[in-house]
Amino acid sequence: MNYDHIFQEAHEAFLYYKNVSGKDKADFLRRIATGIESEKTTLIPLASSESNLPEGRITGELGRTVGQIRLFADLIEEGSWVEAVIDHANPERTPAPKPDIRRFLTALGPVVVFGASNFPLAFSTAGGDTISALASGCPVIYKAHPAHPEASKLVGQVISKAVIDSNLPNGIFTHVEGGIATGQELVKHPIAKAIAFTGSFTGGKAIFDLANQRAEPIPVFAEMGSVNPIITLKNKLGANIDSLAKSFVGSLTLGAGQFCTNPGLVMVPSIHAETFAIAIKKELEDIAAAPMLHEGIAEAYYSALSTLQDKKELEWIQVSEAKDLIQAYPALAKIKAKDWLEDDHFQQEVFGSFALMVVYEDFSELYAIAQRLHGQLTITVWGEDEELSNKIDLINLLEEKCGRLLFKGVPTGVEVGFAMQHGGPYPSTTDSRSTSVGAYAIKRFARPIALQDMPNALLPDALKEENPLGIWRTVDGEFKK
Ligand code: NAP
């Protein structure tokens with residue numbers, strides 16, 4: 001299929017939309033949020049039936065989706081996110097006069113967004129990627145995920161209605177359905193200026209490679225696999241075996257383990273390994289089987305477990321066997337650190353509620369594990385303050401390996417706010433400098449431009465001398481309003 005018409009329309013819309021005021025863009029986003037709320041009695045059961053996720057979970061996700069839309073609306077209405085910087089001219093400077101230079105962030109252009117299967121609302125049609133792109137001033141060509149086609153279409157209609165009600169041009173949002181070939185055509189289209197993706201490592205890496213093979217390579221913000229290690233230290237674990245087992249199992253089995261922040265690896269000191277394994281097993285016994293998103297995902301889960309079952313280094317604490325094509329049962333296996341260190345296969349993500357317990361003998365073995373870890377979205381360290389205080393080297397190393405380092409609680413449950421970082425070093429994402437959750441996700445879809453000696457009347461409002469937007473700016477090195 002030829003997508004020229006869609007991209008041409010998106011480009012025309014871009015030339016208009018990028019200059020629409022933050023206030024008007026915010027009104028547009030708020031219309032989307034209100035539109036989603038007004039469809040909730042249809043949307044919640046629809047998304048639930050298509051994804052196998054319970055209505056309670058979808059209700060929560062709808063709240064999160066409209067909450068994040070309103071966060072972006074507030075951000076762009078306030079306006080300081082554009083990082084305006086002004087260096088005034090100095091014609092008297094010798095030997096050469098200094099020009100007036102003003103820099104800010106401007107929208108990239110039409111963006112292709114791939115919806116995720118595991119969040120039919122919050123990372124889908126009007127999810128964080130679409131909304132942060134629209135907030136920055138970029139039109140979105142949205143590749144729907146086939147796991148929830150009708151919910152996706154309905155939200156697409158809500159966005160299209162908000163476009164009309166806001167008197168914006170059509171090309172600002174386009175909902176595209178199709179398979180892998182469709183996605184590839186969208187990535188290759190010369191008018192596309194960036195890609196956002198959430199899904200598997202295989203899919204994300206293929207799209208990244210394709211985008212880099214284009215005559216004009218473009219940025220790909222792909223959020224892919226992560227095993228989100230939890231590192232337990234001796235004193236903390238010894239004093240809290242039962243409560244930590246409960247927290248761990250709660251996080252592991254949440255949503256049948258279908259979260260990118262699901263903890264798939266837990267490091268345990270050998271002295272407590274046996275008792276912790278028993279406590280976890282006891283908690284797991286209370287967990288009922290849960291349906292996975294679709295049969296393909298359940299099949300991938302059981303196929304990954306079956307490959308691991310052939311590995312002689314693993315001791316199984318809880319085995320999960322497919323009793324039908326969709327239900328997932330949690331599983332847990334144990335491995336010695338020295339064996340884990342020998343084979344990178346042991347840190348591959350198994351999407352679902354499986355975790356590997358890595359048993360370490362001493363600090364040097366734990367440090368070796370940390371050195372070997374691939375890039376992660378999150379790493380969690382459970383330690384008492386005094387045992388953390390003499391492990392600064394370990395903490396320094398862990399900071400290099402992840403986007404979010406936690407010292408309490410569990411990695412599932414990602415706050416949507418200003419300080420959130422959801423994105424880590426490769427292979428958890430293709431660009432560790434960005435986040436796909438939280439207010440600063442907007443920066444993925446903007447680039448800096450410097451305007452030199454531009455007449456004040458022509459400058460964008462963010463850079464005009466009189467600061468008509470009243471935003472925070474860095475003026476001659478001083479941060480002020
Ligand atoms: P996926 O297979 O990576 O697919 C995501 C989207 O990318 C789909 O729209 C898919 O198209 C498209 N796609 C995949 N490969 C492509 C390629 N080579 N070229 C162009 N487009 C491509 O992810 P999924 O369907 O959500 O789930 C499959 C696996 O992804 C899961 O088992 C799990 O391992 C992982 N996953 C990870 C996360 C995470 O947050 N890290 C989230 C969800 C899933 P089609 O729709 O046409 O197939």
Side-chain angles (χ1 to χ4, degrees), residues 83 128 198 201 204 208 219-237 240 244 247-248 251-252 259-269 337 340-341 344 346-349 355-444:
E83 296 176 3
T198 304
F201 174 78
F208 177 81
V220 174
F221 303 100
E223 195 246 90
M224 310 180 289
S226 184
V227 286
N228 305 294
I230 295 185
I231 294 175
T232 67
L233 300 181
K234 198 170 70 183
N235 297 348
K236 179 79 174 182
L237 183 60
N240 305 279
L244 292 180
S247 303
F248 173 70
S251 180
L252 176 68
F259 285 105
C260 46
T261 49
N262 188 256
L265 211 52
V266 56
M267 321 297 181
V268 180
W340 185 87
L341 286 164
D344 270 0
F346 295 130
Q347 51 177 320
Q348 269 177 25
E349 182 188 26
L356 191 54
M357 179 187 284
V358 183
V359 180
Y360 64 89
E361 291 302 326
D362 52 26
F363 181 71
S364 68
E365 226 174 34
L366 178 58
Y367 195 80
I369 295 172
Q371 277 176 314
R372 190 69 188 251
L373 277 178
H374 298 160
Q376 306 289 338
L377 291 173
T378 73
I379 297 179
T380 303
V381 187
W382 285 341
E384 300 288 8
D385 286 356
E386 89 285 344
E387 51 186 352
L388 288 169
S389 65
N390 61 15
K391 294 195 175 48
I392 298 301
D393 288 352
L394 176 70
I395 291 167
N396 266 338
L397 178 59
L398 295 177
E399 281 176 6
E400 273 179 46
K401 303 275 182 164
C402 67
R404 179 162 58 108
L405 187 58
L406 297 82
F407 293 90
K408 250 189 201 168
V410 290
T412 42
V414 183
E415 266 310 304
V416 180
F418 287 91
M420 180 46 70
Q421 172 58 25
H422 187 66
Y426 185 85
S428 66
T429 74
T430 48
D431 192 335
S432 64
R433 295 165 299 177
S434 64
T435 179
S436 58
V437 175
Y440 293 113
I442 194 174
K443 305 230 172 150
R444 294 174 297 172

What's the shortest heavy-atom distance between Leu252 and Ala355, and which atoms?
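Smallest interatomic distance, heavy atoms only, reads CD1-CB, 3.7 Å.
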Closest contact, heavy atoms only, Phe418 versus Tyr440:
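Heavy atoms of Phe418 and Tyr440 come nearest at O-CD1, 3.1 Å.
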Would you mind listing every side chain to side chain donor-acceptor pair (under 3.5 Å) that reaches into residues 395-404, with sequence neighbours excluded?
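Listed by first then second residue: nothing to list.
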May I have all residue pairs that pass side chain to side chain donor-acceptor pair (under 3.5 Å) and include part of residues 412-437, sequence neighbours excluded?
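Listed once each, the pairs are Glu223-His422, Ser251-Thr412, Asp431-Arg433.
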Measure the spacing between [atom1] of [X] and [atom2] of [Y] and express it to the nearest 0.5 Å.
{"X": "Phe407", "Y": "Ile379", "atom1": "CZ", "atom2": "CD1", "result": "10.0 Å"}
{"X": "Met224", "Y": "Phe201", "atom1": "CE", "atom2": "CZ", "result": "5.5 Å"}
{"X": "Ile392", "Y": "Ile395", "atom1": "CD1", "atom2": "CD1", "result": "5.0 Å"}
{"X": "Ile369", "Y": "Leu397", "atom1": "CD1", "atom2": "CG", "result": "11.5 Å"}
{"X": "Leu341", "Y": "Gln371", "atom1": "CG", "atom2": "CD", "result": "9.5 Å"}

Can you tell me if [X] uses its side chain to pair, donor with acceptor, with the backbone of [Y] under 3.5 Å?
{"X": "Lys236", "Y": "Thr232", "result": "no"}
{"X": "Glu349", "Y": "Gly264", "result": "no"}
{"X": "Arg444", "Y": "Ala441", "result": "yes"}
{"X": "Glu387", "Y": "Gly383", "result": "no"}
{"X": "Glu361", "Y": "Pro269", "result": "no"}
{"X": "Trp340", "Y": "Val359", "result": "no"}

Passes side chain to side chain contact (heavy atoms under 4.5 Å, CB included), Phe208 versus Phe221? Steps please.
CA-CA 8 Å; Phe208 177 81; Phe221 303 100; over 6 Å; no
Check step by step if side chain to side chain contact (heavy atoms under 4.5 Å, CB included) holds for Leu405 and Thr378.
CA-CA 6 Å; Leu405 187 58; Thr378 73; over 6 Å; no
Any side-chain heavy atom of [X] within less than 4.5 Å of one from [Y]?
{"X": "Val268", "Y": "Leu237", "answer": "yes"}
{"X": "Leu265", "Y": "Ile230", "answer": "no"}
{"X": "Leu377", "Y": "Cys260", "answer": "yes"}

Residues in salt bridge (charged side-chain N to carboxylate O under 4.0 Å, His left out) contact with Asp385, at least two apart in sequence or another chain:
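Asp385 satisfies salt bridge (charged side-chain N to carboxylate O under 4.0 Å, His left out) with no other residue.
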I'd like to check the side-chain hydrogen bond (donor to acceptor under 3.5 Å, both in side chains) partners of [X]; sequence neighbours left out, ordered by chain and number.
{"X": "Asn262", "answer": "none"}
{"X": "Glu83", "answer": "Lys443"}
{"X": "Asp393", "answer": "none"}

Please lay out, stage by stage, how Lys391 and Leu233 fare under the test side chain to side chain contact (heavy atoms under 4.5 Å, CB included).
CA-CA 10 Å; Lys391 294 195 175 48; Leu233 300 181; 3.9 Å; yes
Is there a side chain to side chain contact (heavy atoms under 4.5 Å, CB included) between Leu373 and Met267 once you walk through the steps?
CA-CA 12 Å; Leu373 277 178; Met267 321 297 181; 4.2 Å; yes
Do Asn228 and Thr261 pair up side chain to side chain, a donor and an acceptor below 3.5 Å, judged on atom types alone?
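Absent: no donor and acceptor within the cut-off.
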